[in-house]
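The chain is numbered in sequence order, starting from 1. Quick caveat, the model's predicted, so the values are computed rather than measured.
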Amino acid sequence: LTLLRKYAVTFFNRIYPPRLKTKLKTKLQTKLQTKLQTKLKDQTTNQTKDQTRDHYSAGPWKSLEEEGKDAAPRKERRPRTVFTGSQLLALESVYQSRKLLCRCERARRAGALALTPAQVKVWFQNRRTKSRRDTGSATSIIRNKG
């Protein structure tokens, strides 16, 4: 690209008069810039195609260090919420009576337990998943014995 630029500049210096040089130079510069931008776009699309091919290939796996270099920086995760014993007892007692909470009930319970409604919602989701998992494993044991 630099050779092309040098060639173009010497060509225009020899052929065109000085007042036309500036107009033609700017046109040439814009053409060169667009060519460079399209080349860069083509290179980046080829790289992304290669990366997706590498990602789905059955070749050797990348090490964790290599994965970290290629990956975009991740957002910091919020630390895990640790519930106190009293909060767990209160949540469990509510769960025994109701498996689902409406939005207003969730907000009321969250305020009473010094939690956010989102934390209460996630706790209930996780608790329902746990009970489904436990009952699923119990039924599979019964099926295998029978």
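When the options V120, T81, V82, L115 are evaluated for a side-chain contact (heavy atoms from CB on, under 4.5 Å) with Q87, the one that passes is L115.
With sequence neighbours excluded, the residues forming a side-chain contact (heavy atoms from CB on, under 4.5 Å) with Q96 are E92, R127, listed by chain and number. Remark: R108 engages E105 in a side-chain contact (heavy atoms from CB on, under 4.5 Å) (not counting sequence neighbours). Among residues two or more places apart in sequence or in another chain, the side-chain contact (heavy atoms from CB on, under 4.5 Å) test is passed with L89 by none.
Within the model, atoms CG of L101 and CZ of F124 stand 4.0 Å from one another, a figure rounded to the nearest 0.5 Å. Going from atom CZ of R109 over to atom CH2 of W123 covers 11.5 Å, rounded to the nearest 0.5 Å. Of the inter-residue distances, the one linking K99 atom NZ with R132 atom CZ reads 11.0 Å to the nearest 0.5 angstrom.
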- prompt: Does the pair N126 and K130 meet the rule for a side-chain contact (heavy atoms from CB on, under 4.5 Å), with working shown?
  reply: CA-CA 6 Å; N126 291 341; K130 179 182 176 185; over 6 Å; no
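Taking each heavy atom of A110 and P117 in turn, the nearest pair found is CB-N, 3.6 Å.
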